[in-house]
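Take a look at the structure below.
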Amino acid sequence: MHVLILGGTTEARRLAELLAAGAPPGTRVTNSLAGRVAAPRLPPGEVRVGGFGGAEGLAAWLREHEVDALIDATHPFAGTISFHAARAAATAHVPLLALRRPGWVPVPGDDWHEAASLDEAAALLPALGRRVFLTTGRMGLAAFADLDGPWFLVRSVDPPAPPHPPRMEVLLDRGPFTLDGERALLRRHRIDVVVTKDSGGTATAPKLTAAREAGVPVVVVRRPPVPEDVPVVADAPAAAAWITRRAARDRNDRP
């Protein structure tokens with residue numbers, strides 16, 4: 001059985017680890033990374049880096065490499081690839097499972113302001129604060145490039161390229177982050193508003209707790225739409241169990 005994991009996330013790496021430790025006999029795992037991070041944490045198993053050339057290219061890859069199961073474990077904001085995966089799986093007649101971490105949910109004491117996009121988040125900022133902790137990644141800084149009033153602390157794994165806000169300090173770091181560390185960061189930089197995407201998961205969630213404790217408002221960018229009618233699980237063990245069931249079914253279907 002050949003499994004292709006569209007990954008680059010903590011959940012994808014965890015799934016690859018589970019399969020490396022206890023996959024059904026004869027299971028081959030290929031991990032696909034988009035290549036947007038200069039030095040990614042490589043999962044166990046085969047690894048390919050780069051795009052496929054849209055849904056048609058992915059469908060062709062699935063056929064050429066005789067893929068038996070496709071796992072969409074991409075980032076919640078990598079919406080385009082999820083639609084490509086759904087189209088490719090349908091075209092190549094390959095079973096598809098989406099591994100999507102649950103989104104964050106506000107709790108009492110949170111001061112959240114939802115935005116449908118980064119542009120909408122940028123429009124909200126002037127009324128909320130002057131010292132912004134921007135944790136949306138380096139790819140979307142153009143949405144904030146015209147804001148010359150606020151000062152931005154931008155945290156990303158790799159250095160951002162222009163266009164970006166004129167008043168900006170870059171903090172190169174990679175999660176998971178600790179609550180004590182996020183508390184100290186907000187104090188040290190006198191942050192009065194946080195901007196984040198609803199990425200979900202625990203690796204970057206401590207900033208939300210730190211903001212709540214400090215009474216700092218948080219602009220939360222909602223997730224983009226995803227394909228309908230695709231089976232979804234919330235964690236790597238559930239995805240591994242799905243693969244195990246598929247492998248057993250394939251064995252039973254053989255003559």
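The chain is numbered in sequence order, starting from 1.
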Exercise. If you round to the nearest 0.5 Å, how far is CD of Glu213 from CG of Leu186?
Worked result: 9.5 Å

Exercise. Taking side chain as C-beta onward, heavy atoms only, is Trp104 less than 4.5 Å from Leu208?
Worked result: yes

Exercise. Between Val216 and Asp111, does a side chain to side chain contact (heavy atoms under 4.5 Å, CB included) hold up when you go through it step by step?
Worked result: CA-CA 7 Å; Val216 171; Asp111 182 11; over 6 Å; no

Exercise. Can you hop from Ile191 to Val220 via hydrophobic side chains spaced under 4.5 Å?
Worked result: yes

Exercise. Which residue pairs pass the ring-ring contact (aromatic ring centres under 6.0 Å, His included) test when at least one of the two sits in residues 51-71, sequence neighbours left out?
Worked result: Phe52-Trp61, Trp61-His65

For this session: Please confirm whether Arg155 makes a cation-pi placement over Phe177, using NZ or CZ under 6.0 Å from the six-membered ring centre and within 45° of the ring normal.
Result: yes

Problem set entry | Close side-chain approach of Pro206 and Arg183, heavy atoms under 4.5 Å | no

Problem set entry | Carboxylate-amine/guanidinium contact Arg14 Glu11, below 4.0 Å | no

Exercise. Picking from Asp229, Ile71, Leu70, what satisfies side-chain contact (heavy atoms from CB on, under 4.5 Å) with Leu96?
Worked result: Leu70

For this session: Flag the pair Arg100 / Pro76 as yes when at least one side-chain heavy-atom distance between them is below 4.5 Å, and no otherwise.
Result: no

Exercise. Any chain of hydrophobic side-chain contacts (each under 4.5 Å) joining Ile243 to Leu18?
Worked result: no

Exercise. Should Arg63 and Thr91 count as side-chain neighbours, where that means a heavy-atom distance under 4.5 Å?
Worked result: yes

For this session: Check whether any side-chain heavy atom of Val154 sits under 4.5 Å from a side-chain heavy atom of Leu141, and report yes or no.
Result: yes

Problem set entry | Audit row: Asp72, Thr74, side-chain hydrogen bond (donor to acceptor under 3.5 Å, both in side chains) steps and yes/no | CA-CA 6 Å; Asp72 175 14; Thr74 54; 2.6 Å; yes

For this session: Can you measure from OG (Ser117) to NZ (Lys197) and round to the nearest 0.5 angstrom?
Result: 11.0 Å

Exercise. Are Asp110 and Arg212 within salt-bridge range, i.e. N to O under 4.0 Å?
Worked result: yes

Problem set entry | Validation row: Arg222, Asp198 side chains within 4.5 angstrom (heavy atoms) | no

Exercise. Does a side-chain heavy-atom distance below 4.5 Å link Ile81 with Leu6?
Worked result: yes

Problem set entry | Non-hydrogen side-chain atoms of Leu185 and Phe133 separated by less than 4.5 Å | yes

Exercise. Can you list the residues that meet the ring pair (Phe, Tyr, Trp, His ring centres under 6.0 Å) rule with Phe83, with sequence neighbours excluded?
Worked result: none

